[in-house]
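Take a look at the structure below.
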Amino acid sequence: MTREDNFHHTFVQQLVAYAVWKFTPSMGIRDIPLSSFPCFSLELGDTSYTTFDFNGKATRGQQEFELRVYLAVGENQYNESHTLRSNTVASIEQFINTPYYSPPTMLPGDLYCIDRAELVSIDAWRFIASESRFVLHVRAKYTFSLFT
């Protein structure tokens, strides 16, 4: 399994078990049935290489990812939506920082090792009274080592 597939699979599997949220492919918030809330999607982003050996081969790097958590609450429910967002942020922080997320075990023949996941930012909360669906954007990254 490739490094990206391995990270995606283990992160999704562990977050589903931890938060009891459903996994969904990334889509517009209006396309998700209300019965699926709360749910999340995970999109892998840019990869950068941070360390190189004397031959110029990359030995360490990081890959950005975006976690989108889709939440639903009744219209005009300011306090409830704020509490829901706050609890969701706390769950994500605990999952990544404590960490409950455990990188996959390195298997014989693997040419990489996923080291850890790190939070980068979480978007500000904006309450819109007429909305009942919200998305929380979390930007994070995971670091890895490469072996040759």
Side-chain angles (χ1 to χ4, degrees), residues 1-73 80-128 131-148:
M1 184 180 294
T2 66
R3 171 185 50 79
E4 287 185 343
D5 284 340
N6 202 357
F7 172 77
H8 191 279
H9 177 74
T10 58
F11 191 91
V12 166
Q13 188 177 50
Q14 290 178 39
L15 187 54
V16 165
Y18 173 77
V20 194
W21 298 331
K22 298 175 184 110
F23 173 73
T24 184
S26 184
M27 62 177 75
I29 197 165
R30 296 273 179 231
D31 297 329
I32 302 171
L34 276 174
S35 61
S36 294
F37 286 79
C39 58
F40 72 96
S41 64
L42 179 70
E43 295 293 322
L44 298 179
D46 293 342
T47 301
S48 57
Y49 300 95
T50 56
T51 307
F52 302 86
D53 69 10
F54 61 92
N55 290 323
K57 292 182 182 179
T59 58
R60 293 193 44 77
Q62 60 189 27
Q63 183 167 18
E64 299 169 358
F65 64 93
E66 183 175 9
L67 175 65
R68 292 184 191 115
V69 183
Y70 303 97
L71 306 166
V73 68
E80 291 81 354
S81 64
H82 185 271
T83 299
L84 179 61
R85 181 196 185 276
S86 180
N87 290 341
T88 303
V89 167
S91 291
I92 292 166
E93 288 173 344
Q94 189 172 24
F95 178 72
I96 293 177
N97 284 338
T98 300
Y100 281 90
Y101 169 68
S102 177
T105 304
M106 189 173 165
L107 299 173
D110 282 348
L111 298 176
Y112 63 86
C113 175
I114 297 173
D115 301 320
R116 67 181 179 276
E118 301 173 6
L119 287 171
V120 174
S121 67
I122 298 176
D123 282 358
W125 177 64
R126 288 179 288 163
F127 177 73
I128 302 170
E131 293 294 323
S132 60
R133 300 173 185 211
F134 300 90
V135 62
L136 181 68
H137 294 271
V138 179
R139 285 170 198 78
K141 65 183 177 182
Y142 71 91
T143 57
F144 58 89
S145 300
L146 299 172
F147 311 106
T148 55

Give a yes or no on whether K22 atom NZ has more than 12 heavy-atom contacts from other residues, nucleotides or ligands under 6.0 Å away.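 Yes - once you tally the heavy atoms of other residues, nucleotides and ligands closer than 6.0 Å, there are more than 12.
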
Go through it in stages, so that I can follow the logic: the residues are R133 and L34, the test is side chain to side chain contact (heavy atoms under 4.5 Å, CB included), and I'd like the CA-CA distance, side-chain angles, deciding distance and then a yes or no. CA-CA 9 Å; R133 300 173 185 211; L34 276 174; 3.3 Å; yes

So [Y] and [X], do their side chains get closer than 4.5 Å, heavy atoms only?
X    : Y    : result
D115 : S145 : yes
F40  : L136 : no
L146 : Y49  : yes
W125 : H82  : yes

Do the side chain of [X] and the main chain of [Y] share a donor and acceptor less than 3.5 angstrom apart?
X   : Y    : result
Q63 : G45  : yes
Q14 : S102 : yes
N55 : K57  : no
T51 : T59  : no

Derivation and outcome, side chain to side chain contact (heavy atoms under 4.5 Å, CB included), residues Y101 and T10: CA-CA 8 Å; Y101 169 68; T10 58; 3.4 Å; yes

Give me the ring orientation class for Y70 and F37: parallel if the planes are under 30° apart, tilted from 30 to 60°, perpendicular past 60°.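 Geometry flag for F37 against Y70: perpendicular rings.
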
Full working for side chain to side chain contact (heavy atoms under 4.5 Å, CB included) between I122 and R85: CA-CA 11 Å; I122 298 176; R85 181 196 185 276; 3.7 Å; yes

Applying ring pair (Phe, Tyr, Trp, His ring centres under 6.0 Å) to F65 and F7, what does each step give before you reach the verdict? CA-CA 10 Å; F65 64 93; F7 172 77; 5.0 Å; yes

Separation between [atom1] of [X] and [atom2] of [Y], rounded to the nearest 0.5 Å:
X    : Y    : atom1 : atom2 : value
T143 : R116 : OG1   : CZ    : 4.0 Å
Q62  : D46  : CD    : CG    : 10.5 Å
S132 : L71  : OG    : CG    : 11.5 Å
T47  : Y142 : OG1   : OH    : 6.0 Å
L44  : D5   : CG    : CG    : 8.5 Å
T105 : I114 : OG1   : CD1   : 10.5 Å

How about F11 and F95: are their ring centroids closer than 6.0 Å?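 For F11 and F95, the ring centres are under 6.0 Å apart.
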
Does the side chain to side chain contact (heavy atoms under 4.5 Å, CB included) test come out yes or no for C39 and I32, once each step is laid out? CA-CA 9 Å; C39 58; I32 302 171; 3.8 Å; yes

Any idea which heavy atoms bring [X] and [Y] closest together, and the distance?
X    : Y    : result
F134 : V73  : CE1-CG1, 3.3 Å
S41  : P25  : CB-C, 4.0 Å
D110 : M106 : O-CE, 3.6 Å
P104 : N6   : CB-OD1, 3.5 Å

For the residue pair R3 and F144, would you count it as a cation-pi contact if the rule is NZ or CZ under 6.0 angstrom from the ring centre and within 45 degrees of the ring axis?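 Yes, cation above the ring, under 6.0 Å and within 45°.
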
D123: which of H137, R68, R139 passes side-chain hydrogen bond (donor to acceptor under 3.5 Å, both in side chains): R139

According to salt bridge (Lys or Arg N to Asp or Glu O under 4.0 Å), who are the partners of E4, at least two apart in sequence or on a separate chain? none

